[in-house]
Student: 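Quick one: this structure, given as structure tokens, is what I'll be asking you about.
Just follow the structure's listing: the first ligand is 1, and inside any ligand the first atom is 1.
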Amino acid sequence: MAFFVLPLVLLLSMASPATSCNKQEKTSLLQFLAELSHEDGVTVPWRDSMDCCEWEGVTCNASGAVIEVSLTSRSLEGTISPSLGKLTGLLCLNLSYNSLSGGLPSELMSSGEFPSTVWENTRNLGVINASNNSFQEWIPSSFCISSSSFFEVLDLSYNQFSGSTPPGIDNCSALRVLKAGHNNLSGSLPDELFNATSLQYLSFPDNSLHGLLDGAHLMKLKNLVNLDLGGSTLNDKIPNSIGQLKRLEELHLDNNNMTGELLSALSNCTYIITIDLKNNNFSGELQKSELFQPAQSKSIGSSIQQLNWHNSRNHLFMQLLAYLIALWLSGNNLHGQLSLRISNLKSLIFLSIGDNKFTNITNILHILKNCKSLTTLFIGANFKGEAMPEDEMIDGFQNLRALSISECSLSGKIPLWLSKLKTLEMFLQRNQLSGPIPAWIKNLTSLFHLDLSYNNLAGEIPIALMEMPMLTTDLTANHSVFELLVYLGHSFQYQIISTSPKTLDLSHNNFTGAIPQEIGQLKLLAKLNFSFNSLSREIPKQLGNLTNLQVLDLSSNHLTGAIPLAQNNLHFLSKFNVSHNDLEGPIPSVGQVSTFPSSSFDGDPKLCGIMVAKLCGLAEAPPVSVPSTEKMIKRVSFVIAFGALFGVGVLYDRIVLSRYFG
Ligand SMILES: *[C@@H]1O[C@H](CO)[C@@H](O)[C@H](O)[C@H]1NC(C)=O
Ligand SMILES: *[C@@H]1O[C@H](CO)[C@@H](O)[C@H](O)[C@H]1NC(C)=O
Ligand SMILES: *[C@@H]1O[C@H](CO)[C@@H](O)[C@H](O)[C@H]1NC(C)=O
Ligand SMILES: *[C@@H]1O[C@H](CO)[C@@H](O)[C@H](O)[C@H]1NC(C)=O
Ligand SMILES: *[C@@H]1O[C@H](CO)[C@@H](O)[C@H](O)[C@H]1NC(C)=O
Ligand SMILES: *[C@@H]1O[C@H](CO)[C@@H](O)[C@H](O)[C@H]1NC(C)=O
Ligand SMILES: *[C@@H]1O[C@H](CO)[C@@H](O)[C@H](O)[C@H]1NC(C)=O
Ligand SMILES: *[C@@H]1O[C@H](CO)[C@@H](O)[C@H](O)[C@H]1NC(C)=O
Ligand SMILES: *[C@@H]1O[C@H](CO)[C@@H](O)[C@H](O)[C@H]1NC(C)=O
Ligand SMILES: *[C@@H]1O[C@H](CO)[C@@H](O)[C@H](O)[C@H]1NC(C)=O
Ligand SMILES: *[C@@H]1O[C@H](CO)[C@@H](O)[C@H](O)[C@H]1NC(C)=O
Ligand SMILES: *[C@@H]1O[C@H](CO)[C@@H](O)[C@H](O)[C@H]1NC(C)=O
């Protein structure tokens with residue numbers, strides 16, 4: 001997107017398109033058009049109509065001067081012609097959502113003489129948003145000299161800028177927002193950047209910056225509210241001076257190569273809401289981490305000297321990190337146990353400490369159960385080889401909605417304390433648990449995503465599982481929607497996921513016996529995976545009643561008999577696998593099941609049909625039915641709905657399902 005919003009909103013409202021444009025401006029516009037390598041035809045009328053003020057996307061003021069050119073989402077390609085600089089009255093140029101490339105012509109920056117009276121009479125607004133294009137060349141280094149007094153927002157993210165940061169940035173004395181994430185920036189952060197001391201929002205995620213974060217420089221940006229330098233190769237420690245950024249609310253230094261222990265200085269950032277340090281090399285013992293200790297200096301204040309040491313420490317701690325909502329520490333080298341003080345983080349909603357070297361899962365659960373706001377907890381890939389705590393005293397977790405304790409090789413059984421987590425909606429648990437699935441599983445009345453895959457669970461699939469309230473009845477209407485702190489790029493926001501797929505995954509276990517006929521009750525289920533078990537007997541025909549199924553995987557079991565799904569309502573099914581069983585008879589040649597490739601049926605030598613290039617005897621021919629028009633319409637609308645769903649699914653997977661670490 002490239003749009004330069006210049007601060008002349010008042011003038012724009014006086015615009016009237018009724019006058020005809022001047023000849024030179026018309027030439028400039030046609031020149032602009034000529035220099036695009038692709039224009040999508042919307043601009044053809046430009047060549048036909050005499051009056052450029054009537055052209056689509058062009059607005060003139062009452063005396064016929066072009067004041068706005070807005071050609072968004074037009075598939076425009078090529079470079080922006082400097083001829084636009086001749087539109088001396090241009091106030092707004094919006095070329096967002098195109099595929100323009102090259103540089104921003106310097107002529108644009110000096111577009112006309114900015115009428116000084118206007119600057120004097122309007123508030124100091126100045127925005128350049130050139131995000132999401134293919135620009136490679138920086139805007140001219142002089143741009144802040146002419147516009148430094150009003151220039152507040154520069155968004156250059158999602159382009160192909162390389163080298164260091166935009167030159168001349170230190171002269172942008174009013175710059176509040178600087179975003180240049182998702183480019184190819186390299187080198188270390190230039191000193192001059194830290195002279196733009198009005199910056200509140202400094203966001204450079206996903207570049208190739210390296211070097212260290214200089215403490216003396218950083219502390220100059222006293223107005224910083226949001227600092228995002230994630231996704232580069234910054235190394236060394238977080239400087240202590242970060243504690244002087246008193247307004248800091250969000251800190252993203254994730255996916256770098258930073259080291260050291262977590263600093264007490266961070267707890268000086270009183271208003272901090274998010275700390276994202278995941279995927280670095282931070283080390284140390286979180287229990288002893290200074291981050292969760294009150295800064296020494298604070299406890300020595302004379303007014304509190306009389307207080308008992310313990311009380312004052314606790315009291316002070318309550319004020320520290322009091323607003324912290326999200327803490328990502330996954331993918332580091334932290335070890336030891338968790339500090340008891342973490343349970344004082346009363347605002348904490350999202351905690352991800354997965355993929356470290358923490359020990360004593362019992363201790364961690366005991367501590368975190370007291371975090372009253374906690375909704376999302378990812379602690380997987382720690383506690384290697386410990387036992388799942390069976391301790392019945394683990395309660396609390398009043399608001400826990402998503403819990404992942406995967407990939408810890410935990411032994412033991414599915415613990416009884418889980419039955420008390422009435423708010424639990426997602427439970428992800430890949431370990432080495434053994435024993436059966438307990439019947440109380442249906443007591444988890446909010447649970448709609450149950451992943452018990454890759455364990456050693458055994459026994460029959462319990463009927464109780466077919467009575468899970470969230471999978472059998474449409475409770476979504478009166479059930480509070482699932483809000484999850486969704487990680488979007490290098491920021492996060494609350495996302496309401498009421499449409500996330502309802503999942504039952506028992507794959508890679510040792511379940512035996514038949515698939516219960518009661519499975520037909522799980523009417524809301526979207527993903528069903530029973531693969532890699534020892535299930536036997538026939539596939540219940542009731543499966544055909546699970547009309548919301550998108551994924552059905554029964555592969556690698558000992559199922560026998562025919563595929564009973566010739567006539568069914570599985571219109572949403574997009575993945576289907578019954579390979580490596582002992583199934584026999586014809587593969588349905590109509591209906592959704594008939595649309596899957598032969599790999600879905602591999603390793604079932606007794607199956608026949610066109611799909612597996614093996615003719616069936618005539619007597620076995622499947623019944624033929626033609627899908628009604630109504631069904632076809634349903635399928636089309638599903639495709640559209642699925643498109644929308646998929647968007648959510650991707651984000652969802654990214655944080656929760658992609659290795660479960662957050
Ligand atoms: C239209 O814009 C031109 C160029 O900025 C300016 O000279 C002229 O006064 C404007 N006319 C009106 C009616 O605002
Ligand atoms: C530019 O165009 C886009 C797409 O039409 C629109 O969303 C955006 O609000 C416009 N920007 C301005 C400043 O008018
Ligand atoms: C960039 O623009 C394209 C359309 O041109 C859009 O599909 C894509 O989502 C945009 N990316 C971002 C990060 O806004
Ligand atoms: C720039 O425009 C894009 C697309 O309209 C928008 O998402 C982004 O927030 C804008 N940047 C700023 C700093 O406002
Ligand atoms: C910043 O502005 C001063 C004059 O105000 C000028 O001398 C200097 O060259 C400018 N710096 C850059 C990098 O443009
Ligand atoms: C930053 O500003 C200080 C004084 O405000 C000045 O001494 C220094 O040269 C500036 N640094 C850069 C790189 O512009
Ligand atoms: C934390 O804040 C206190 C009190 O404002 C101050 O004395 C101390 O130096 C700060 N620590 C750091 C590391 O900034
Ligand atoms: C990360 O830091 C270590 C030293 O702390 C260094 O050996 C390594 O090369 C760095 N990796 C990258 C990708 O910069
Ligand atoms: C683990 O934590 C529990 C509960 O806090 C504690 O009783 C136990 O001693 C700890 N085990 C080890 C090995 O530290
Ligand atoms: C499950 O719910 C039933 C009925 O609501 C109750 O009798 C039973 O004690 C509960 N089981 C557990 C383990 O909470
Ligand atoms: C699966 O269960 C059977 C008996 O029910 C047992 O013989 C076998 O060892 C189990 N396999 C695994 C991998 O636990
Ligand atoms: C499917 O559900 C319908 C009603 O919802 C019921 O009449 C039918 O018997 C069910 N079929 C199977 C195979 O369970």
Student: Any nitrogen or oxygen of Lys179, main chain or side chain, under 3.5 Å from a nitrogen or oxygen of ligand 4?
Tutor: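 No, Lys179 has no N/O under 3.5 Å of an N/O on ligand 4.
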Student: Can any side-chain N or O of Asn332 pair as donor or acceptor with the backbone N or O of Asn280 at less than 3.5 Å?
Tutor: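 Pair found, side chain donor or acceptor close to backbone of Asn280.
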Student: Please state which option from Ser63, Gly64, Ala65 has its nearest heavy atom closest to atom 13 (C) of ligand 1.
Tutor: Ser63
Student: Would you mind running through ligand 4 and noting each atom that sits below 4.0 Å from a heavy atom of Val153?
Tutor: 13 (C)
Student: Before signing off on this row, confirm whether Thr233 and ligand 8 have an N or O atom pair separated by under 3.5 Å.
Tutor: no
Student: For Pro82 and Glu35, which heavy atoms make the closest approach, and how far apart are they?
Tutor: CD-OE1, 3.8 Å
Student: Within the distance-only criterion (no hydrogens, no angle test), does the side chain of Asp155 pair as donor or acceptor with the backbone N or O of Ser157 below 3.5 angstrom?
Tutor: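 The answer is yes, because a donor-acceptor pair under 3.5 Å joins these two groups.
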Student: Do Asn159 and Asn183 meet the criterion of a side-chain donor-acceptor pair at a distance under 3.5 Å?
Tutor: no
Student: Where is the nearest protein heavy atom to atom 3 (C) of ligand 8: which residue, which atom, and how far?
Tutor: Asn257 ND2, 3.7 Å
Student: Do Cys21 and Cys60 have their SG atoms under 2.5 angstrom apart?
Tutor: no
Student: To which protein heavy atom is atom 5 (O) of ligand 8 closest, and what is the distance rounded to 0.1 Å?
Tutor: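 It is Thr259 CG2, 4.3 Å.
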Student: Any side-chain donor-acceptor pair under 3.5 Å between Asn257 and Asn281?
Tutor: yes
Student: Might you check, step by step, whether the distance between atom 7 (O) of ligand 8 and some protein heavy atom is under 4.0 Å?
Tutor: no
Student: Check whether any side-chain heavy atom of Asn195 lies under 4.5 Å from a side-chain heavy atom of Lys220, and answer yes or no.
Tutor: yes
Student: Considering only protein heavy atoms, determine whether one is less than 4.0 Å from atom 10 (C) of ligand 8.
Tutor: yes
Student: Find all atoms of ligand 1 within a distance of less than 4.0 Å from any non-hydrogen atom belonging to Ala62, and give their numbers and elements.
Tutor: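 Counting from 1, the qualifying ligand atoms are 13 (C).
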Student: When you measure from atom 14 (O) of ligand 1 to each heavy atom in Asn61, Val66, Ile67, which option holds the nearest one?
Tutor: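 Minimum heavy-atom distance to atom 14 (O) of ligand 1 goes to Asn61.
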Student: Under 4.0 Å from any heavy atom of Asp155, which atoms of ligand 4 are there?
Tutor: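 Those atoms are 1 (C), 8 (C), 10 (C), 11 (N), 12 (C), 13 (C).
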Student: Indicate the atoms forming the closest heavy-atom contact of Asn382 with Phe358, along with that distance.
Tutor: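 Closest pair (atom of Asn382, atom of Phe358, distance): OD1-N, 3.0 Å.
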